[in-house]
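Nothing fancy with the numbering, it's 1 onward along the sequence. Note that ligands are numbered from 1 as they come in the structure, with each ligand's atoms numbered from 1 the same way.
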Amino acid sequence: MAEFTELSEKIAKIKNEVQDELSKLESSKSVYEYKKNILDGKTGLIGSLMKQMGKVPNEQKAEYGKKVNELKAWAQNHFEELDAKLKAEEMRLRYESEKIDVTMPAVKNEKGNLHPVTQVRNQLTDIFASMGFDIYEGTEIETDYYNFTALNTPQDHPARDMQDTFYLSPDFLLRTQTSAGQIHVMEAKKPPIKVVSPGKVFRSDDDATHSPMFTQMEGLVVDKGITLCDLKGMLDEFVQKIFGKGTTTRLRPSYFPFTEPSVEVDVSCFQCHGKGCKLCKGTGWIEVLGAGVVNNKVLEGCGIDTKEYSGFAFGIGIERVAMLKYGINNIKQLFESDLRVLKQIDD
Ligand code: DAH
């Protein structure tokens with residue numbers, strides 16, 4: 001009998017203890033752990049109570065079993081209740097921390113754009129590539145030979161005065177023209193040749209339309225039977241692509257030592273379409289590039305048989321094209337990195 005009373009007291013005590021413990025639990029995880037411990041059949045405070053049945057007198061076994069089961073059911077209820085309460089709170093906190101305001105304006109990532117000179121350079125490269133031209137990129141430091149002599153401009157040739165040169169030494173200089181690339185290409189490759197060569201060039205020149213550093217794109221075609229007509233045909237196609245449909249070209253006689261005949265190429269004004277405006281200074285025409293039939297002396301210097309082959313060449317100022325296309329009247333704006341200017345040009 002003593003055993004039963006003792007066990008009954010123990011049950012009451014356990015109930016108090018569990019109640020006490022539950023009030024301290026703060027997370028559904030700790031409820032789970034505690035529940036697992038306490039209901040464990042071997043070691044659990046409640047779970048192991050049935051094992052004591054042996055000590056209970058036979059006539060009280062039923063009573064004892066009932067009490068233990070009641071305690072178990074009571075504990076289960078309390079665990080479930082507390083678990084539900086804590087889980088609800090945990091969910092609320094999670095919603096709180098993960099909440100987003102869908103009405104908040106999005107953070108804008110500013111979109112950058114390429115520099116206008118790069119844009120025009122890419123446009124030109126794309127156009128010429130679509131016409132079957134290869135790309136050759138030369139070096140910015142050149143020898144006097146490639147920049148001048150091989151281009152039929154030997155020492156003391158008056159045409160050297162056309163380009164004020166930065167010499168690094170008597171033999172080396174900063175190239176004044178991408179035309180130097182023509183010689184490298186013709187030395188490296190037999191005709192047919194169809195190549196454009198973009199890159200920076202340097203001249204001691206500085207005003208609203210000239211900068212000591214600027215960018216050119218050279219073009220060279222050498223093949224059998226090439227004439228000035230081929231140049232004109234290609235240019236007409238090219239200007240429509242870069243300045244728009246309906247743009248035409250006009251050739252004016254000019255002089256370059258490496259071409260004979262040489263021409264200055266004008267395009268019909270793509271703003272007023274020939275009527276005369278500020279851009280074309282009322283003439284209806286805008287000068288855009290120099291060109292010509294490659295001088296036989298240049299071809300022969302590169303070992304090309306002029307009885308079989310002839311060629312045309314042209315040189316475009318990329319900043320000039322950018323200034324015309326985007327209405328920039330001072331070349332410095334292309335080199336000052338003023339974002340207010342550069343951001344406006346995204347072609
Ligand atoms: N190299 C010349 C310059 O910088 C431009 C030029 C003119 C290039 C005629 C050519 C050409 O290839 O045929 O002024």
Practice task
For D266 and R250, run salt bridge (Lys or Arg N to Asp or Glu O under 4.0 Å): C-alpha distance rounded to whole Å, both residues' side-chain angles, the deciding distance at 0.1 Å, then the answer.
Solution key: CA-CA 5 Å; D266 296 343; R250 145 180 115 166; 3.0 Å; yes
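Annotation for P170 and D144: closest pair O-CB, 4.2 Å, computed over non-hydrogen atoms.
A side-chain hydrogen bond (donor to acceptor under 3.5 Å, both in side chains) with Q177 is found for one member of Q216, Q163, E142 and no other, namely Q163.
Contact residues for ligand 1 (protein heavy atom closer than 4.0 angstrom to any ligand atom): Q163, Q177, S179, Q182, R203, Q216, E218, F256, F258, T259, G290, A291, G292, A313, F314, G315.
Salt bridge E137/R121: present, at least one basic N to carboxylate O contact under 4.0 Å. Electrostatic pairing of K241 and D126 does not count as a salt bridge here, judged by no charged N lying under 4.0 Å from a carboxylate O. Using a cutoff of 4.0 Å between basic side-chain nitrogens and carboxylate oxygens, D236 and K232 are scored as salt-bridged.
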